Amino acid sequence: ANEQNPTSNRKMSTSATPMFESTTDRLLSDQVEVASVSSSFAGALELSEEERVRKTTLMRNILRLEVRARCSVTQARCTRFTLPHGVVETPMFMPVGTQGSVKGLTSAQLHRLAPPIVLGNTYHLGHRPGQEVMQELGGLHSFMPWEHNLLTDSGGFQMVSLLKLARITEEGVRFRSPHDGTEMVLTPEHSMQLQNTIGADIMMALDDVVSSTVSGPRVEEAMHRTLRWIDRCLAAHNNPERQCLFGIVQGGLDATLRDQCLAELIRRDLPGYAIGGLSGGESKDRFWRIVHQCARALPADKPRYLMGVGYAIDLVVCTALGVDLFDCVYPTRTARFGRALVDHHAGVLLSRAAYADDTRPIDERCDCRTCKHYSRAYLHLMVNTPSGSQLITYHNVAYQLRLMRRIQAALLEHRFPQFLQQFVSAYYAPEFEYPQWVLDALEAAGFDTSSLERRTEE
Amino acid sequence: LDELPANHTGPQELELMLHRTHRWQARSLRYFLEHPPVHHHPVTGVPFYQAMYGIVHGGTDLRLRRLSADYLTRLPFDGFAIGGALGATRAEMLTLLTPIVKSLPAELPRHLLGIGDPESLQQVFMHGIDTCDSSYPTRAARHGSVYTLNGGVIKLRSTRYSRETGPIDPACDCSTCKHYSVGYLHHLLKANESAFIPLVTLHNLRVLQRRVALIREQILRDEI
């Protein structure tokens with residue numbers, strides 16, 4: 001594992017040659033960049049076929065998925081899968097608890113809302129409280145505390161987006177610690193180590209994620225590197241009996257690259273897959289097409305996770321395209337800016353003067369504690385205070401979870417197309433100016449958008 | 001409505017302000033009596049009324065304090081508060097408190113404004129005060145200072161707590177102590193996470209609640 005010369009001994013693949021078919025070593029001709037990479041980094045682990053099979057089999061035992069209903073019109077499905085900290089029903093939204101806390105909510109409140117999975121960020125937790133403290137305190141489940149499932153991302157994305165001087169190399173993500181300036185590197189092995197310590201039920205592979213606004217050879221390089229890194233992640237993952245490692249499909253906005261990445265990741269037989277590299281600055285038109293392509297190609301018997309999404313309309317449309325899991329900071333962040341989520345694109349911006357004497361709850365149909373006990377008038381007064389932010393956050397997370405449960409119910413009762421018609425129409429009422437991407441994506445999913453409400457001409 | 005004199009108000013000014021505050025309080029009471037407010041319980045609809053307290057002033061001048069109590073207690077207030085500065089130290093405050101409390105009627109509630117730390121509470125209750133209010137315990141909580149039942153204070157920001165797996169106070173029955181380790185609370189504080197606030201606020205208030213309940217029991221048992 002500490003070989004100084006990784007190129008000749010590493011078993012790798014390209015899209016042209018299937019992986020793990022032969023045990024003979026091969027130096028693959030189009031991995032030119034690998035040959036030229038400095039071989040002076042230690043710690044890069046190799047993955048043998050036996051190891052891969054052993055680990056993925058163990059992970060398949062933890063995560064077993066059954067499809068409970070399939071929409072006969074769109075690609076949507078309702079699934080149920082197992083994880084060590086409880087069953088997950090999809091489609092499902094995962095709130096983000098960056099630093100071991102979903103901002104503004106106590107663990108007790110989060111337990112009351114009961115999202116089956118909550119996200120933590122490896123980059124932030126790795127810095128504070130840090131790996132040692134996390135180890136001593138028994139992992140993130142005991143720390144928060146949190147009874148249900150956790151998912152951690154690899155730390156890669158935060159590094160690239162937060163650190164001005166982060167550089168991706170074959171070794172890993174090189175950066176200067178913002179705390180004391182020392183040069184550090186987050187390798188796939190180290191990310192796995194950190195995530196093993198944090199102890200989340202689902203761990204994300206360290207991927208080479210490129211902004212969706214970047215094009216050209218960098219995108220292809222990142223896609224291939226993501227594949228080499230998934231093998232290093234699998235090799236380094238020390239807890240496949242209790243933690244599932246998901247791979248992340250990259251390839252930017254290029255359908256060919258995405259196809260290659262999909263094929264290679266699927267061959268690894270991972271317990272679940274994420275669609276990464278989106279929700280950056282790309283157009284919504286390119287966004288849905290990539291989601292559609294990836295969701296269709298990903299195996300039906302494993303969860304499909306779209307990272308960084310999103311707004312209610314995104315959740316509904318991408319569910320129609322076949323996505324099962326979502327995460328986004330939007331509901332919690334927008335709450336801190338005073339916006340409560342409802343079935344309408346504008347939401348309820350509680351800071352507006354119009355709400356100063358509005359005695360109604362945020363949403364009469366919502367059964368959350370905020371809506372049960374607090375008026376818009378009170379929340380208007382409390383906007384921009386910690387208490388107000390917390391109350392709105394509570395509602396917003398409740399809203400997202402309830403939306404997913406409504407989608408599940410519609411799927412189980414075979415009325416998802418009717419749900420779509422009613423939800424999407426109401427979301428854009430009364431103007432009914434549907435964004436083109438929503439119409440195109442829904443059509444591609446199989447839904448007849450002519451059933452959506454239109455403005456009646458006088 | 002009362003007037004709160006600034007810290008270094010001179011004696012003549014203080015006396016003028018005292019008379020003005022008396023006039024304001026009389027006007028407040030008159031308005032209150034002429035316009036009895038009626039509110040209704042939000043669920044049962046049962047009407048309830050409001051009580052009005054007078055506030056004794058006079059700074060650290062005992063003569064003015066007695067004058068203030070003498071005047072205000074002739075008015076039909078439902079209870080009396082002691083407001084304004086009572087001295088630079090707790091000892092000074094307690095010395096002044098005794099004669100002021102004596103000048104208030106025994107059958108009406110006596111409230112002391114702005115005292116909220118556990119030690120002072122103990123002392124002022126022993127000097128005849130019935131109720132107190134203060135933002136101190138909740139503000140201290142937000143800044144990381146949390147109480148223990150035996151009178152200690154833990155400063156959660158200190159790095160010595162980063163690996164602590166136990167609760168703030170094992171003897172405390174609040175939900176924060178039931179579910180959260182000091183290590184986690186320390187982390188939330190250092191990470192600037194707002195979920196910290198309700199957790200420690202609840203704890204400090206529960207500790208105070210229990211300590212004050214204990215004082216009541218001790219009084220009832222003639223132990224103090």
Side-chain angles (χ1 to χ4, degrees), chain A residues 95-112 118 120-121 123-147 179 198 332-333 335-336 359 372-375 378 384-394 397, chain B residues 39-45 135 137-146 154-170 172-206:
Chain A
V96 180
T98 306
Q99 302 191 95
S101 170
V102 176
K103 287 194 184 339
L105 299 182
T106 64
S107 199
Q109 289 168 326
L110 204 55
H111 277 95
R112 207 175 296 125
V118 169
N121 283 123
Y123 171 71
H124 292 282
L125 294 170
H127 162 57
R128 173 176 55 204
Q131 187 167 10
E132 270 185 62
V133 172
M134 190 62 82
Q135 183 93 48
E136 229 176 282
L137 267 53
L140 192 55
H141 283 96
S142 311
F143 195 49
M144 284 171 68
W146 178 244
E147 270 178 17
H179 316 291
I198 294 168
T332 40
R333 185 179 292 161
R336 299 195 294 281
T359 55
K372 202 161 167 207
H373 298 294
Y374 300 91
S375 63
Y378 181 74
N384 295 326
T385 67
S387 300
S389 299
Q390 286 160 14
L391 290 171
I392 303 170
T393 298
Y394 190 89
V397 175
Chain B
H39 299 282
H40 297 273
H41 192 279
V43 176
T44 64
S135 58
T138 45
R139 188 183 310 129
R142 293 195 296 278
H143 290 271
S145 291
V146 289
I154 290 178
K155 293 202 152 79
L156 286 172
R157 200 172 268 280
S158 167
T159 46
R160 75 162 75 108
Y161 297 118
S162 66
R163 292 162 201 241
E164 177 56 57
T165 54
I168 296 169
D169 187 346
C172 179
D173 60 357
C174 82
S175 64
T176 300
C177 288
K178 202 163 164 201
H179 298 290
Y180 304 91
S181 63
V182 161
Y184 182 64
L185 294 171
H186 167 84
H187 165 72
L188 289 180
L189 178 58
K190 296 298 281 280
N192 210 24
E193 286 286 339
S194 71
F196 177 75
I197 297 171
L199 296 176
V200 289
T201 301
L202 179 84
H203 169 79
N204 271 12
L205 289 177
R206 180 57 182 151

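Residue numbers begin at 1 in each chain, while the letters A, B, ... track the order of the sequences. If you're wondering where the values come from, they're calculated on a predicted model, not measured in any experiment.
- Counted within 6.0 Å of CZ on R333(A), heavy atoms from surrounding residues, nucleotides or ligands total 12 or fewer; the atom is thus considered open.
- Closest approach of K103(A) to Q99(A), counting heavy atoms only: NZ-NE2, 3.9 Å.
- When the side chain to side chain contact (heavy atoms under 4.5 Å, CB included) test is applied to L202(B), the partners found at least two apart in sequence or on another chain are C174(B), S175(B), T176(B).
- Comparing E132(A), Q109(A), H127(A) by how many heavy-atom pairs each has under 4.5 Å with chain B, the most go to E132(A).
- Of the atoms belonging to M134(A), not a single heavy atom falls under 4.5 Å from chain B.
- Top candidate by heavy-atom pairs under 4.5 Å with chain A, chosen from K190(B), E193(B), E164(B), H186(B), is E193(B).
- With salt bridges taken as basic N to acidic carboxylate O contacts below 4.0 Å, none links K178(B) and D173(B).
- Residue contact with chain B, scored on non-hydrogen atoms closer than 4.5 Å, involves the side chain of P386(A) exclusively.
- Most heavy-atom pairs under 4.5 Å with chain B, from the set A108(A), P129(A), S389(A): that is P129(A).
- Using a 4.5 Å cut-off between heavy atoms, Q390(A) touches chain B through its side chain atoms alone.
- Atom CG of residue L156(B) and atom CZ of residue F196(B) lie 5.0 Å apart, to the nearest 0.5 angstrom.
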